[in-house]
Colleague: 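Below you'll find the structure I mean.
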Amino acid sequence: MSVDVAAICEAQKRIACYVLHTPLLRMPGLDPYLGCEVYIKPECMQITHSFKLRGAANKLLSLDEETRKRGVVGASSGNHGRGLAYAAARLGVPATIVIPNGAPQVKVEAIKSLGAKVVRAEATERFDVARRIAAETGAVMAHPYDDEMVIAGQGTAGMEIAEDLPDVDVFITGISGGGLLGGASTALKGFCPNVRVYGAEPAVMPRYSESLKAGKRVVVPFHPSIADALLTQTPGEKNFPLIPKNVEAVYPVSETDILRGMKLLLMEGKLLAEPGGCIGIGALLSGQVKVSPKEKVCILISGGNLDFSTLQKLEDVEI
């Protein structure tokens, strides 16, 4: 299978009863700060408060019943795990989620509340631990981004934008492994070929910036970030080819600009989201993404799972 518009259309039909078609919000209060006509795609309002449910549901629904009975294993910084646990619970599938030791407790508790088993591991070892569990138990490994069914599921968010704002000029969202941007950009370029697409990643872990510069996938050292959902060390093997094909650029965003984006969305947009979900706003605030006042710019807010302690970090941040 290749990830193309047809695969994303099939995913949209497959997961329609399991996810929300999240709204597209026009936010004129953000226009003066970002220098364009701002539209927000709030995946923080998705059922599990993250776009990750789309790919997780598409992966599980693509499996036959006998395969699902063996169970599913996922490695996640939190949001994929929650989406996978929710989809597994809906389908009666046993689920085990490997979570980094430093993941926010709110994400861990949300996964447990859905009946999934949680295994803790070092962030750099979580994929190895998940693969070992899958090999020992016979369960299916549901990779958070390096899986074509997952990428196609994430692409349904891009299809919804194309349906709701067909004359979109610019699309921006965060990138970690590349499932969301790879899928959404494929859908958007298929239906809105003139749209300019940009990715944003934590400057402390610039795996896509460095890989695109090198012309191949590179591994960057692990470094903590306020954007805890965006801490993959290298682009996904299946994701990486989609980015230079469909994306104009990926920009590294500082920790300060990530928090500025979060604060702007909260104070002027009245929408609460986790830091990594707001990194696209941070990329605009940094001045790296060039837009004009009349352009329709859609920013996908990828998630909204955060501890209240994160809000305290906004107190001294200036927009």
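These numbers come from the heavy atoms of this one structure, side chains and all, not from hydrogens, waters or symmetry mates.
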Colleague: Just checking, any donor-acceptor pair under 3.5 angstrom between side chains of Lys216 and Ser211?
Modeller: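 Lys216 vs Ser211: no donor-acceptor pair found between side chains.
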Colleague: Looking at CD1 of Ile243 and CD of Glu248, how far apart are the two atoms once the value is rounded to the nearest 0.5 Å?
Modeller: 11.0 Å
Colleague: Thr67 and Asp64: side-chain donor and acceptor closer than 3.5 Å?
Modeller: yes
Colleague: For Glu43 and Thr22: C-alpha separation, side-chain torsions, deciding distance, then whether side-chain hydrogen bond (donor to acceptor under 3.5 Å, both in side chains) applies.
Modeller: CA-CA 6 Å; Glu43 284 294 293; Thr22 51; 2.5 Å; yes
Colleague: Donor-acceptor check, side chain of Arg54 to backbone of Gly155, threshold 3.5 angstrom: yes or no?
Modeller: no
Colleague: Listed by chain and number, what are the salt bridge (Lys or Arg N to Asp or Glu O under 4.0 Å) partners of Arg131, not counting sequence neighbours?
Modeller: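 Listed in chain order: Asp128.
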Colleague: With distance as the sole criterion, is a donor-acceptor pair present between the side chains of Ser225 and Glu255 under 3.5 Å?
Modeller: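 Result is yes, a qualifying pair exists.
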Colleague: Under the 3.5 angstrom rule, does the side chain of Arg207 hit a backbone N or O of Val219 as a donor-acceptor pair?
Modeller: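 No, the answer is negative, given that no donor and acceptor are paired below the 3.5 Å cut-off.
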Colleague: Other residues, nucleotides and ligands only: do more than 12 of their heavy atoms fall within 6.0 Å of CD on Gln105?
Modeller: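 Yes, the 6.0 Å shell around CD holds more than 12 heavy atoms from other groups.
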Colleague: If you draw the axis of the six-membered ring of Phe240, does the NZ or CZ of Arg217 fall within 45° of it and under 6.0 Å from the ring centre?
Modeller: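 Cation-pi check for Arg217 and Phe240: fails.
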Colleague: Would Thr137 and Arg70 count as a side-chain contact (heavy atoms from CB on, under 4.5 Å) here? Give the steps.
Modeller: CA-CA 8 Å; Thr137 64; Arg70 304 205 310 260; over 6 Å; no
Colleague: Working to the nearest 0.5 Å, report the span between CD1 of Ile279 and CD1 of Ile175.
Modeller: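 Nearest 0.5 Å value for the CD1-CD1 distance: 10.5 Å.
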Colleague: Evaluate Glu268 against Lys263 for salt bridge (charged side-chain N to carboxylate O under 4.0 Å, His left out), listing each step before the verdict.
Modeller: CA-CA 8 Å; Glu268 299 298 331; Lys263 188 168 185 176; over 6 Å; no
Colleague: Are Val150 and Asn58 side-chain neighbours, meaning at least one heavy-atom pair lies under 4.5 Å?
Modeller: no
Colleague: Do Ile299 and Lys41 have side chains that approach each other closer than 4.5 Å (heavy atoms only, starting at C-beta)?
Modeller: no
Colleague: Starting at CG of Asp164, measure out to SG of Cys298 and round the result to the nearest 0.5 Å.
Modeller: 9.0 Å
Colleague: Does a donor on one side chain sit under 3.5 Å from an acceptor on the other, for Glu122 and Asn101?
Modeller: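 Yes, Asn101 and Glu122 have a side-chain donor paired with an acceptor closer than 3.5 Å.
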Colleague: Does Gly304 offer a backbone N or O that forms a donor-acceptor pair with the side chain of Glu274 under 3.5 Å?
Modeller: yes
Colleague: I need the Glu125 CD to Arg120 CZ distance, nearest 0.5 Å.
Modeller: 14.0 Å
Colleague: Looking only at side chains, do Tyr86 and Arg82 share a donor and an acceptor under 3.5 Å apart?
Modeller: no
Colleague: State, with a plain yes or no, whether a side-chain heavy atom of His143 is found less than 4.5 Å away from one of Lys238.
Modeller: no
Colleague: Could you measure the distance from the OG1 atom of Thr310 to the CG atom of Asp228? Nearest 0.5 Å is fine.
Modeller: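 Rounded to the nearest 0.5 Å, the OG1-CG separation comes out at 7.5 Å.
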Colleague: Do Asn305 and Ser50 come within less than 4.5 Å of each other through their side chains, counting heavy atoms only?
Modeller: yes
Colleague: Could you tell me if Ser209 and Glu201 have a donor-acceptor pair between their side chains, going purely by distance under 3.5 Å?
Modeller: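 Yes, because at least one side-chain N or O of Glu201 sits under 3.5 Å from a partner of the opposite role on Ser209.
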Colleague: Indicate whether any N or O donor in one side chain lies under 3.5 Å from an N or O acceptor in the other, for Thr186 and Asn246.
Modeller: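 Yes.
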Colleague: For a 4.5 angstrom cut-off between non-hydrogen side-chain atoms, does Ser302 reach Leu180?
Modeller: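 In short, these two side chains touch, coming nearer than 4.5 Å.
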Colleague: Under a 3.5 Å threshold, yes or no: a donor from one side chain and an acceptor from the other, between Thr156 and Gln12?
Modeller: no
Colleague: Out of curiosity, Gln288 CD to Asp257 CG, how far, rounded to the nearest 0.5 Å?
Modeller: 8.0 Å
Colleague: Just checking, is any N or O donor in the side chain of Asn79 or His49 under 3.5 Å from an acceptor N or O on the other one?
Modeller: no
Colleague: Of all the heavy-atom pairs spanning Cys278 and Leu265, show the shortest one and how long it is.
Modeller: SG-CD2, 3.9 Å
Colleague: Who are the salt bridge (Lys or Arg N to Asp or Glu O under 4.0 Å) partners of Asp167, not counting sequence neighbours?
Modeller: Lys296
Colleague: Do any N or O atoms from the side chain of Thr232 and from the backbone of Ser176 form a donor-acceptor pair under 3.5 angstrom?
Modeller: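 No, Thr232 side chain to Ser176 backbone: no donor-acceptor pair under 3.5 Å.
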Colleague: Could you tell me whether His80 and Tyr145 have their ring centroids closer than 6.0 angstrom?
Modeller: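 For His80 and Tyr145, the ring centres are not under 6.0 Å apart.
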